[in-house]
Amino acid sequence: MPSPKEKWIGWLFYGLALAFGLIHVSNFTSLGVQALLLAPLLVLPQIVIGVFLGFIRLQYGFWWAVLTHGFHNACAITPLLLVRLGSENLLERMGNGIQENSLVGTDYVLILLMATYVLGGLLLCLITVWKLIAEWRREQQVNSSS
């Protein structure tokens, strides 16, 4: 049976992860009341990242959590920065549909880099989740056998 200290730590850990996610509701205040009604759904990714970063912090230390958070933010910003390097036709036509004859060679390279970056990031996420689940299962087996 968990001690009172272990129960308190769990409430603190998950409470802080929830608070981390809910802080991000302020990103959606310009959307009005609808955003507040959808807030739990809108900030769910931040809550999950809060739990993930908390796990990394407890497992590997503070600086690993800081570096992981920085890497996570870089994953969101890098494709946007790559698009800014493209031609004006690429920037103007991203939302309206791109006609092939309007792009220059550099635009094709940037689109290929973005696609590779996104697919590589998804693969990295899948590998990380797979390893976390495998580690969790090993811990469950060790705990059940002892």
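Not measured: the values here are computed from a predicted model.
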Problem - Shared hydrophobic cluster, L16 / W8 (ILVMFWY, side-chain heavy atoms < 4.5 Å) - result: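 Yes; tracing contacts between hydrophobic side chains, which count when under 4.5 Å, links both residues.
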Look up atom [atom1] in [X] and atom [atom2] in [Y], then write down how far apart they are to the nearest 0.5 Å.
X	Y	atom1	atom2	result
H69	I49	NE2	CD1	8.0 Å
L42	I47	CG	CD1	10.5 Å
W11	L18	CH2	CG	10.5 Å

Practice task
Not counting sequence neighbours, which residues clear ring pair (Phe, Tyr, Trp, His ring centres under 6.0 Å) with H72? List them please.
Solution key: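 Result, ring pair (Phe, Tyr, Trp, His ring centres under 6.0 Å) vs H72: none returned.
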Hydrophobic side-chain clustering at under 4.5 Å (ILVMFWY, transitive links): who's grouped with [X]? Put none if nobody.
X	answer
L112	none
W130	none
L67	none

Exercise for the section: Please name the pair of heavy atoms, one in F62 and one in R57, separated by the smallest distance, quoted to 0.1 Å. Expected result: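 Closest approach of F62 to R57, heavy atoms only: CA-CD, 3.4 Å.
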Exercise for the section: Heavy atoms only: give me the nearest H24-V43 pair and the separation to one decimal. Expected result: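 H24 and V43 have their closest heavy atoms at C-CG1, 3.9 Å.
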Sequence neighbours left out, cut at 3.5 Å: what donor-acceptor pairs do the side chains of residues 131-144 make with other protein atoms?
residue	atom	partner	partner atom	Å
E135	OE2	Q59	NE2	3.3
N143	ND2	E139	O	3.3
S144	OG	Q140	O	3.2
S144	OG	Q141	O	3.0

Exercise for the section: Would you please name every residue forming a side chain to side chain contact (heavy atoms under 4.5 Å, CB included) with V51, sequence neighbours left out? Expected result: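 Expected list: F13, Y14, A17.
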